[in-house]
Asker: 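Submitted below is the structure of interest, expressed as structure tokens.
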Amino acid sequence: MHITKSADKITPFGGFNFCYEHFHQSGLADLIDRQLGERVQTRGFSYSDIVGNQLGIFLCGGDCAEDLAEHLSGPLDQIKGMSASSPDTILRGIKELSQQTTEQINPASGVAHQFNINTPLNELLVGALQVTGQLNKQDCYDLDYDNQVIATEKWDAARTYKKCNGYQPAVASIGNKPVYIEGRGGNSPATYAQQQTLKRVFETLSNHQVSIGRFRADSASYQKEVVKIVENQCNSFCIRAKRSPAMEQQVGALPEDDWKSVAISGQPMDVAELSGWRPFGGDRAYRLVLSRIKRADGQADIFSGGAYTWRAILTDEQEAAPEEVVAFYNGRGASERLFDVMGNDFGWSKLPCSLLSHNTAFMILTGIIANFYRYLIERYAQQLSWLQPTFRLKKFIFRFISVPAKWIRTGRRAVLKLYTDKDYSPLLA
């Protein structure tokens, strides 16, 4: 085996040239600097430069800021118009954009709960989706809400219900894209002060004239105050109901003829409904849509009497058939995969800072980057037959980003030379 070396400036991540160019062409870089303003504490790198460098880390296979110094600074310096920053510059920028964490004492239990509300970055999160055309003022969207435990041993992490230390951020999303992220301490259950969080979610969306048609959430949102907020802000909602003795009694008393056999996403089940259900001891009546799946072990439920696993969905939707309501609610599975994507592809499993306030700013900034990635992959998949809009980040890196490239001068112009037989030229149209 013989070895030869070359001092040519070649980057192994030539495909990132297109991504970084679209970062500016889309208007996202300008929006970041316009909305966040100039960095007054330091000079050299703007906030859009910091986000662009963070974008480069994830889209070139890194997972933390330190990868810039150890692996990526040289290759990213070969990207036209880009200058690689230091890891410290990125971390300073994140801390500059953070907001102070507040504390609420639960008067009933005396437990202290931490909240980090970063309004400027959440406004940017929605604005970024609008500047790329992923959200607009003409359409009406479905909104998902959920909380997720992020295990971490940071300085201010608290014990979670999963018996680990961490945070439990609240995330609202549209079409698997985060539109609002709020930092919460790990000891704050999803039910606690949720109505206050949702008020901020809807206020942020309203500021950008984003309309919500349907709302979808798990049983942590099965609260009187939450239902009141949601039905005032949306056309309809579907919230998983918590079982109660009164509910179980009525479900068990349903005639067998009231159940309809259907298949939803290939899963056989029975559906039914209870009309006039009055939760929380109120006067307002809602629909309770029921679904049940036969148990493999044949063990009967002591309350309903049948060998089924069943659940209930509270809704004010009056027109849709029960199977349509169940199918819509089951769509939450796609929104729940958002946390897997953010954790494994965009750094949430390796939070970089020691405080909830700084890590919340990081989560929102990486939410902007994740949304921009979806914009890129959907756009590129329309132009390149060898890409699919469903590709996860790792496959996108292997298929698109990882291509040796160098900039050369020919005919008095700069030309990107790609060492591949793949055709990238449709992206120039």
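If you read the sequence from its start, that first residue is 1, and numbering goes on from there. Model, not experiment: these values are computed from the prediction.
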Asker: Under a 3.5 Å distance rule, please check whether Asp156 uses its side chain to pair with a backbone N or O of Leu356 as donor and acceptor.
Answerer: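 It does hold such a pair.
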Asker: Among all residues two or more places apart in sequence or in another chain, which pass the side-chain contact (heavy atoms from CB on, under 4.5 Å) test with Ala170?
Answerer: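 Ala170 satisfies side-chain contact (heavy atoms from CB on, under 4.5 Å) with Tyr145, Asn147, Glu182, Arg184, Thr197 once adjacent residues are dropped.
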Asker: Roughly how far, to the nearest 0.5 Å, is SG of Cys234 from CD1 of Ile212?
Answerer: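 The CD1 atom of Ile212 sits 6.5 Å away from the SG atom of Cys234.
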Asker: So does Cys238 get a backbone contact from the side chain of Thr315, meaning a donor-acceptor N/O pair under 3.5 Å?
Answerer: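 Side chain of Thr315 to backbone of Cys238, a donor-acceptor pair under 3.5 Å: no, none is there.
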Asker: So, Phe396 versus Tyr373, ring centres under 6.0 angstrom or not?
Answerer: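 Aromatic pair counts; centres sit under 6.0 Å.
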Asker: In terms of heavy-atom contacts, does CD of Gln25 have more than 12 from other residues, nucleotides or ligands at under 6.0 Å?
Answerer: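 It does: Gln25 CD has more than 12 such atoms within range.
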Asker: Donor-acceptor pair, distance only, cut-off 3.5 Å: does the side chain of Thr191 make one with the backbone of Ala220?
Answerer: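 No: the side chain of Thr191 does not pair with the backbone of Ala220.
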Asker: For Leu68 and Ile57, run side-chain contact (heavy atoms from CB on, under 4.5 Å): C-alpha distance rounded to whole Å, both residues' side-chain angles, the deciding distance at 0.1 Å, then the answer.
Answerer: CA-CA 7 Å; Leu68 270 176; Ile57 291 172; 3.8 Å; yes
Asker: Determine the minimum heavy-atom distance between Ser85 and Ile90, stating which atoms define it.
Answerer: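 Nearest heavy atoms, Ser85 then Ile90: OG-CG1, 3.6 Å.
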Asker: Let me know which of Asn53, Leu76, Ile79 forms a side-chain contact (heavy atoms from CB on, under 4.5 Å) with Tyr20.
Answerer: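 Between Tyr20 and the candidates, side-chain contact (heavy atoms from CB on, under 4.5 Å) is satisfied uniquely by Ile79.
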Asker: Mind listing the closest non-hydrogen atom pair of Ser26 and Phe372 along with its distance?
Answerer: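 The answer is OG-CE1, 3.7 Å.
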Asker: Please determine whether the number of non-hydrogen atoms from other residues, nucleotides or ligands lying under 6.0 Å from atom CZ of Phe280 exceeds 12.
Answerer: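 Yes, CZ of Phe280 has more than 12 neighbouring heavy atoms, counting only those of other groups under 6.0 Å.
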Asker: Measure across Gly93 and Arg39 and return the closest heavy-atom pair with its distance rounded to 0.1 Å.
Answerer: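 Scanning both residues, the minimum pair turns out to be N-NH2, 4.1 Å.
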Asker: Taking Lys154's backbone N and O only, do any of them form a donor-acceptor pair with Asn165's side chain (distance below 3.5 Å, no angle check)?
Answerer: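 No, the answer is negative, given that no donor and acceptor are paired below the 3.5 Å cut-off.
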Asker: Is there a donor-acceptor pair under 3.5 Å between the side chain of Asn359 and the backbone N or O of Cys353?
Answerer: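 It does hold such a pair.
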Asker: Check whether Asp258 reaches the backbone of Ala272 with its side chain - one donor and one acceptor, N or O, closer than 3.5 Å.
Answerer: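 The answer is no, because no donor-acceptor pair under 3.5 Å joins these two groups.
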Asker: Find the distance between CZ (Phe362) and NE2 (His358) and round it off to the nearest 0.5 Å.
Answerer: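 Result: 13.5 Å between the selected atoms.
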Asker: Going by atom types alone, do Gln388 and Thr390 pair a side-chain donor with an acceptor below 3.5 Å?
Answerer: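 There is no such pair between these side chains.
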Asker: Check whether any side-chain heavy atom of Phe13 sits under 4.5 Å from a side-chain heavy atom of Leu59, and report yes or no.
Answerer: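 When only atoms from C-beta onward are counted, Leu59 and Phe13 do not touch, as no gap falls below 4.5 Å.
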Asker: Check whether any side-chain heavy atom of Val171 sits under 4.5 Å from a side-chain heavy atom of Asp146, and report yes or no.
Answerer: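 Of all side-chain heavy-atom pairs linking Asp146 with Val171, none is under 4.5 Å.
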Asker: How many angstroms lie between atom CG of Leu290 and atom CG of Leu274, to the nearest 0.5 angstrom?
Answerer: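 Going from the CG atom of Leu290 to the CG atom of Leu274 covers 5.0 Å.
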Asker: Looking only at side chains, do Ser236 and Asp316 share a donor and an acceptor under 3.5 Å apart?
Answerer: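 There is no such pair between these side chains.
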Asker: Taking side-chain contact (heavy atoms from CB on, under 4.5 Å) as the test, write out the residues that go with Lys228, two or more places apart.
Answerer: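 Per chain and number, Lys228 pairs via side-chain contact (heavy atoms from CB on, under 4.5 Å) with Asn232.
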Asker: Whether the Gln168 and Thr160 side chains hold a donor-acceptor pair (N or O, under 3.5 Å, no angle test) is what I'd like checked.
Answerer: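 Not at all, the side chains of Gln168 and Thr160 share no donor-acceptor pair under 3.5 Å.
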Asker: Is any side-chain heavy atom of Leu121 closer than 4.5 Å to a side-chain heavy atom of Leu36?
Answerer: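 With C-beta onward as the side chain, the pair touches.
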Asker: Do the charged groups of Glu317 and Arg216 touch, with an N to O distance under 4.0 Å?
Answerer: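 No salt bridge links Glu317 with Arg216.
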Asker: Is any side-chain heavy atom of Val126 less than 4.5 Å from a side-chain heavy atom of Asn122?
Answerer: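 No, their side chains stay 4.5 Å or more apart.
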Asker: Measuring only between side-chain heavy atoms, which start at C-beta, is Gln54 closer than 4.5 Å to Ile369?
Answerer: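 Heavy-atom side-chain distance check passes, below 4.5 Å.
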Asker: Hey, are Asp340 and Arg392 close enough for a salt bridge, meaning a charged N less than 4.0 Å from a carboxylate O?
Answerer: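 Result for this pair is yes, salt bridge flagged.
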Asker: With side-chain contact (heavy atoms from CB on, under 4.5 Å) as the criterion, how do Ile117 and Gln99 come out once you've worked through the C-alpha distance, each side chain's angles and the decisive distance to 0.1 Å?
Answerer: CA-CA 7 Å; Ile117 302 161; Gln99 299 288 313; over 6 Å; no
Asker: Within the supplied structure, the quantity of interest is the number of heavy atoms (other residues, nucleotides, ligands) at a distance under 6.0 Å from Lys242 NZ; does it exceed 12?
Answerer: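 Yes, enclosed.
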Asker: Would the distance check show the side chain of Asn118 and the main-chain N or O of Leu97 forming a donor-acceptor pair, the cut-off being under 3.5 Å?
Answerer: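 Yes; judged by distance alone, with no hydrogens or angles, the pair exists.
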Asker: Please answer whether the main-chain N or O of Arg399 pairs with a side-chain N or O of Lys422 as donor and acceptor at a distance below 3.5 Å.
Answerer: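 Looks like yes, one N/O pair under 3.5 Å.
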Asker: Rounded at 0.5 Å granularity, tell me how far CD1 in Ile364 sits from CD1 in Ile94.
Answerer: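 If I round to the nearest 0.5 Å, the distance is 11.5 Å.
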Asker: Can you name the residues that form a side-chain contact (heavy atoms from CB on, under 4.5 Å) with Glu273, not counting sequence neighbours?
Answerer: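 In terms of side-chain contact (heavy atoms from CB on, under 4.5 Å), with neighbours along the sequence ignored, Glu273 is linked to Arg287, Pro322.
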Asker: Ignoring hydrogens and geometry beyond distance, is a side-chain donor-acceptor pair present between Tyr47 and Glu96 at under 3.5 Å?
Answerer: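 Note: Tyr47 and Glu96 side chains meet the donor-acceptor criterion.
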Asker: Can you list every pair that meets side chain to side chain donor-acceptor pair (under 3.5 Å) and has a residue in residues 320-329, with sequence neighbours left out?
Answerer: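 Of all non-adjacent pairs touching residues 320-329, those that pass side chain to side chain donor-acceptor pair (under 3.5 Å) are Lys260-Glu323.
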Asker: Could you pull out the closest heavy-atom pair between Asn187 and Ala112, with the gap in Å?
Answerer: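 Looking at all heavy atoms of both residues, the shortest contact is ND2-O, 3.0 Å.
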Asker: For the pair Trp348 and Phe339, name the ring-plane relationship: parallel under 30°, tilted 30 to 60°, perpendicular over 60°.
Answerer: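 If you compare the ring of Trp348 with that of Phe339, the planes turn out tilted.
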Asker: Going through the checks in order, is the side-chain hydrogen bond (donor to acceptor under 3.5 Å, both in side chains) test met by Ser265 and Gln267?
Answerer: CA-CA 6 Å; Ser265 299; Gln267 172 68 60; over 6 Å; no
Asker: For the residue pair Pro279 and Arg284, what are the closest heavy atoms and their distance?
Answerer: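 For Pro279 versus Arg284, the nearest heavy atoms are CD-O, 4.0 Å.
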Asker: Can you give me the closest heavy-atom contact between Asn116 and Thr101, atom names plus distance?
Answerer: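 Closest pair (atom of Asn116, atom of Thr101, distance): ND2-OG1, 3.0 Å.
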Asker: Is the distance from the ring center of Tyr424 to that of Trp386 below 6.0 Å?
Answerer: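 Aromatic pair counts; centres sit under 6.0 Å.
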Asker: With side-chain contact (heavy atoms from CB on, under 4.5 Å) as the test, would you mind laying out the steps for Leu205 and Tyr141 before giving the verdict?
Answerer: CA-CA 11 Å; Leu205 294 172; Tyr141 298 96; over 6 Å; no
Asker: Are any of the side-chain heavy atoms of Met363 and Ile150 separated by less than 4.5 Å?
Answerer: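 Yes, at least one pair of side-chain atoms sits under 4.5 Å.
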Asker: With no hydrogens and no angle check, is any side-chain donor or acceptor of Asp77 less than 3.5 Å from a backbone partner on Ala84?
Answerer: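 Flag set: sc Asp77 to bb Ala84 pair under 3.5 Å.
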Asker: Using the ring centroid of each side chain, check whether His22 and Tyr380 are separated by less than 6.0 Å.
Answerer: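 Aromatic pair counts; centres sit under 6.0 Å.
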Asker: With side chains defined as the heavy atoms from C-beta onward, is the minimum distance between Leu143 and Val179 less than 4.5 Å?
Answerer: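 When only atoms from C-beta onward are counted, Val179 and Leu143 do touch, with a gap below 4.5 Å.
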Asker: When you measure from the side chain of Asn17 to the backbone of Lys80, do you find a donor-acceptor pair of N or O atoms at a distance under 3.5 Å?
Answerer: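 Present.
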Asker: Within 45 degrees of the axis of the six-membered ring of Tyr222 and under 6.0 Å from its centre: does Arg240 put its NZ or CZ there?
Answerer: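 Because its charged atom misses either the 6.0 Å distance or the 45° angle limit, Arg240 does not stack over Tyr222.
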Asker: Might you confirm whether atom CD of Glu103 has over 12 heavy atoms from other residues, nucleotides or ligands at distances under 6.0 Å?
Answerer: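 Counting other residues, nucleotides and ligands, CD of Glu103 exceeds 12 neighbours.
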Asker: List for me each residue that meets side-chain contact (heavy atoms from CB on, under 4.5 Å) alongside Ala151, sequence neighbours excluded, and say none if there are none.
Answerer: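 Ala151: side-chain contact (heavy atoms from CB on, under 4.5 Å) contacts with Cys164.
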Asker: Going by side chain to side chain donor-acceptor pair (under 3.5 Å), name the pairs with one or both residues in residues 205-214, residues two or more places apart or in two chains.
Answerer: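 Residue pairs with at least one partner in residues 205-214: Glu123-Asn207, Glu123-His208, Gln130-His208, Asp142-Arg214.
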Asker: Apply the test side-chain contact (heavy atoms from CB on, under 4.5 Å) to residues Met342 and Thr366: give CA-CA distance (whole Å), side-chain angles for both, the deciding distance (0.1 Å), then the verdict.
Answerer: CA-CA 8 Å; Met342 297 307 302; Thr366 51; 4.1 Å; yes
Asker: When rounded to the nearest 0.5 angstrom, what is the spacing between CG in Leu55 and CG in Asp49?
Answerer: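 That separation rounds to 12.0 Å.
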